[in-house]
Amino acid sequence: MAKIIDGKQVSANVKEQVRQETEALFQKYGKKPGLAVVIVGNDPASRVYVNNKKKACETVGFQSFEYALPEDTSQEELLELVETLNADKNVNGILVQLPVPKQIDDKAIINAISAEKDVDAFHPENVGRIMIGEYAFLPCTPAGVMELIDSTGTEISGKRCVVIGRSNIVGKPMAMLLLHRSGTVTICHSRTQNLAEITREADILVAAVGKANFVTGDMIKEGAVVIDVGMNRLENGKLCGDVNFAEAEQKASYITPVPGGVGPMTIAMLMKNTLTAFKAQNQITD
Ligand code: NAP
């Protein structure tokens with residue numbers, strides 16, 4: 001029976017470290033990190049994410065600045081706000097909650113955020129830095145997954161790692177982070193043939209598909225570490241991962257639950273990135 005990886009606990013530990021460092025820096029320099037969160041429109045899921053980010057800022061002692069713009073905001077208006085935030089010295093990190101309404105090109109917005117304030121690590125400059133292993137920020141969800149794997153004490157070097165999903169925000173950077181730690185990495189996607197054969201070879205299996213209960217017990221190697229990034233809303237309103245948990249926990253050595261696994265880590269890593277940005281922008285090296 002698998003051990004459950006407690007994402008709430010691991011994320012609380014990360015936030016506590018950030019809080020303590022923030023407090024110490026405030027005592028020394030009299031400044032606090034600031035995170036600006038921009039939300040456009042009324043998407044209820046986005047609203048929940050933004051509220052959670054604000055709450056996390058309070059927990060770790062950051063200033064948070066919220067900009068809630070109406071659904072019909074134009075791309076020019078949003079770009080203007082991003083420019084203002086780029087120039088604002090009290091703002092160290094900028095996050096535009098995605099998705100944005102259809103009249104706005106999200107790529108144009110991501111590209112406009114100053115790379116040094118891009119705490120989501122979506123800007124092409126930061127994406128490129130991840131590729132060559134010289135990064136300031138890691139994208140929050142994959143970085144959170146790495147913390148969860150590390151919390152199990154699992155050695156990644158030399159292990160067979162399989163990532164299901166190749167999105168720019170999860171699958172691709174996830175594979176790159178595992179590669180940087182010397183995992184032997186395979187990326188699977190919707191055109192992959194014989195998927196189960198590949199996943200059954202994984203010592204570390206990361207599912208980022210967006211399909212409820214997609215990974216079944218027979219796709220998992222005995223003793224694998226199984227990380228479920230999926231967040232799927234079922235018809236009954238319940239949140240469900242990409243992994244069939246009941247089946248997978250019979251095979252895995254460690255497994256993340258949904259909710260309470262990867263989800264809380266994403267916000268904790270956002271706090272860590274904002275602190276990193278604050279230190280870099282203030283030339284603080286301690
Ligand atoms: P996405 O952009 O929709 O990507 C899904 C990936 O799954 C694609 O690469 C797709 O392949 C692949 N896929 C779809 N059907 C497949 C199949 N039958 N076999 C193999 N691969 C298949 O989704 P995402 O943004 O990466 O997110 C993935 C999941 O993670 C979602 O449930 C999302 O809600 C969740 N998520 C959670 C967090 C968190 O904080 N916990 C953060 C971000 C995302 P193709 O490329 O070939 O289409």
Side-chain angles (χ1 to χ4, degrees), residues 5-8 10-12 14-15 37 43-53 55-56 95-100 106-107 110 119-122 127 130 137-149 161-178 185-202 205-216 218-220 226-235 237-245 255-273:
I5 307 173
D6 186 349
K8 279 191 196 156
V10 180
S11 72
V14 170
K15 281 189 281 187
V37 181
D43 178 53
S46 293
R47 174 40 63 199
V48 172
Y49 294 139
V50 166
N51 288 347
N52 288 343
K53 285 164 189 173
K55 233 188 278 169
L95 185 150
V96 177
Q97 186 64 48
L98 301 177
V100 284
D106 55 5
K107 282 200 190 106
I110 289 168
V119 283
D120 262 337
F122 291 167
V127 174
I130 291 157
F137 312 117
L138 292 177
C140 300
T141 301
V145 171
M146 297 304 280
E147 291 276 341
L148 291 175
I149 296 171
C161 306
V162 174
V163 179
I164 319 177
R166 57 173 166 179
S167 70
N168 288 334
I169 60 166
V170 189
K172 281 186 211 162
M174 187 69 248
M176 203 49 63
L177 298 194
L178 290 164
V185 185
T186 303
I187 307 175
C188 300
H189 45 78
S190 66
R191 306 287 178 88
T192 298
Q193 294 180 4
N194 305 323
L195 179 67
E197 261 173 44
I198 299 168
T199 59
R200 271 198 292 270
E201 292 195 346
L205 178 62
V206 181
V209 189
K211 292 189 172 158
N213 297 317
F214 179 79
V215 177
T216 45
D218 61 316
M219 296 168 74
I220 296 169
V226 177
I227 306 287
D228 189 351
V229 182
M231 287 212 291
N232 310 293
R233 191 65 68 183
L234 299 177
E235 273 178 15
K238 279 197 170 164
L239 209 55
C240 168
D242 289 344
V243 176
N244 182 320
F245 186 86
I255 187 167
T256 57
V258 177
V262 176
M265 291 307 297
T266 300
I267 292 184
M269 302 318 283
L270 176 69
M271 298 299 113
K272 200 168 168 178
N273 280 350

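All ligand and atom numbering here is 1-based and tracks the order in the structure.
- Inclusion of Arg191 in the set of residues having an N or O under 3.5 Å from an N or O of ligand 1 is not warranted.
- Proximity of Gly171 to ligand 1 is not established, as no heavy-atom distance is less than 4.0 Å.
- Selection from Arg166, Lys211, Met231 by nearest heavy atom to atom 32 (O) of ligand 1 gives Met231.
- Taking 4.5 Å as the limit, some side-chain heavy atom of Val14 sits within range of a side-chain heavy atom of Met265.
- Against a heavy-atom cut-off of under 4.0 Å, Gly263 is close to the following atoms of ligand 1: 41 (N).
- Atom 10 (C) of ligand 1 has Ser190 N, 4.3 Å as its closest protein atom, hydrogens excluded (heavy atom only).
- Looking only at heavy atoms of the protein, atom 43 (C) of ligand 1 is closest to Val170 CG2, 3.7 Å.
- Contact annotation for Thr141 and ligand 1: only side-chain heavy atoms (C-beta onward) come within less than 4.0 Å of the ligand.
- In this structure, atom 1 (P) of ligand 1 lies nearest to the protein heavy atom Ser167 CB, 4.1 Å.
- Of all heavy-atom pairs between Asp228 and Val243, the closest is OD2-N, 3.0 Å.
- Each of the following atoms of ligand 1 lies closer than 4.0 Å to a heavy atom of Asn232: 32 (O).
- Residue contacts with ligand 1: Thr266 is placed with a nitrogen or oxygen under 3.5 Å of a nitrogen or oxygen of the ligand (distance criterion only).
- Of the candidates Thr266, Leu270, Val48, Lys53 forms a side chain to side chain contact (heavy atoms under 4.5 Å, CB included) with just one, namely Leu270.
- With a 4.0 Å heavy-atom cut-off, ligand 1 is reached by no atom of Met265.
- From the protein, the heavy atom lying nearest to atom 30 (O) of ligand 1 is Val229 O, 3.4 Å.
- Test Val262, Ile149, Ile227 against Ile5 for side chain to side chain contact (heavy atoms under 4.5 Å, CB included) and you get one pass: Ile227.
- At least one side-chain heavy atom of Asn273 sits less than 4.5 Å from a side-chain heavy atom of Cys140.
- Annotation for Met219 and Thr199: closest pair O-OG1, 2.8 Å, computed over non-hydrogen atoms.
- Taking every non-hydrogen atom of Gly165 and a distance limit under 4.0 Å, the qualifying atoms of ligand 1 come out as 6 (C), 7 (O), 9 (O).
- No option in Asn213, Val229, Asn232, Val206 other than Asn232 meets the side chain to side chain contact (heavy atoms under 4.5 Å, CB included) test with Asp242.
- By the 4.5 Å heavy-atom criterion applied to side chains, Ile169 and Thr141 are not counted as neighbours.
- In terms of protein heavy-atom proximity, atom 20 (C) of ligand 1 is nearest to His189 O, 3.1 Å.
- In this structure, Thr192 falls outside the shell of residues with a heavy atom less than 4.0 angstrom from ligand 1.
- The single protein non-hydrogen atom nearest to atom 19 (N) of ligand 1 is Phe214 CZ, 3.3 Å, given as residue, atom name and distance.
- Of the listed options Ile164, Val209, Leu195, Val209 places a heavy atom closest to atom 7 (O) of ligand 1.
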Problem set entry | Intermediate values then yes/no, side-chain contact (heavy atoms from CB on, under 4.5 Å), Lys55 and Asn51 | CA-CA 6 Å; Lys55 233 188 278 169; Asn51 288 347; 5.6 Å; no
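- When all heavy atoms of Pro99 and Ser46 are compared, the pair lying nearest together is CD-OG, 4.2 Å.
- We find the CZ-CG distance between Arg200 and Leu195 to be 9.5 Å, quoted to the nearest 0.5 Å.
- Atom 31 (C) of ligand 1 has Gly210 CA, 3.6 Å as its closest protein atom, hydrogens excluded (heavy atom only).
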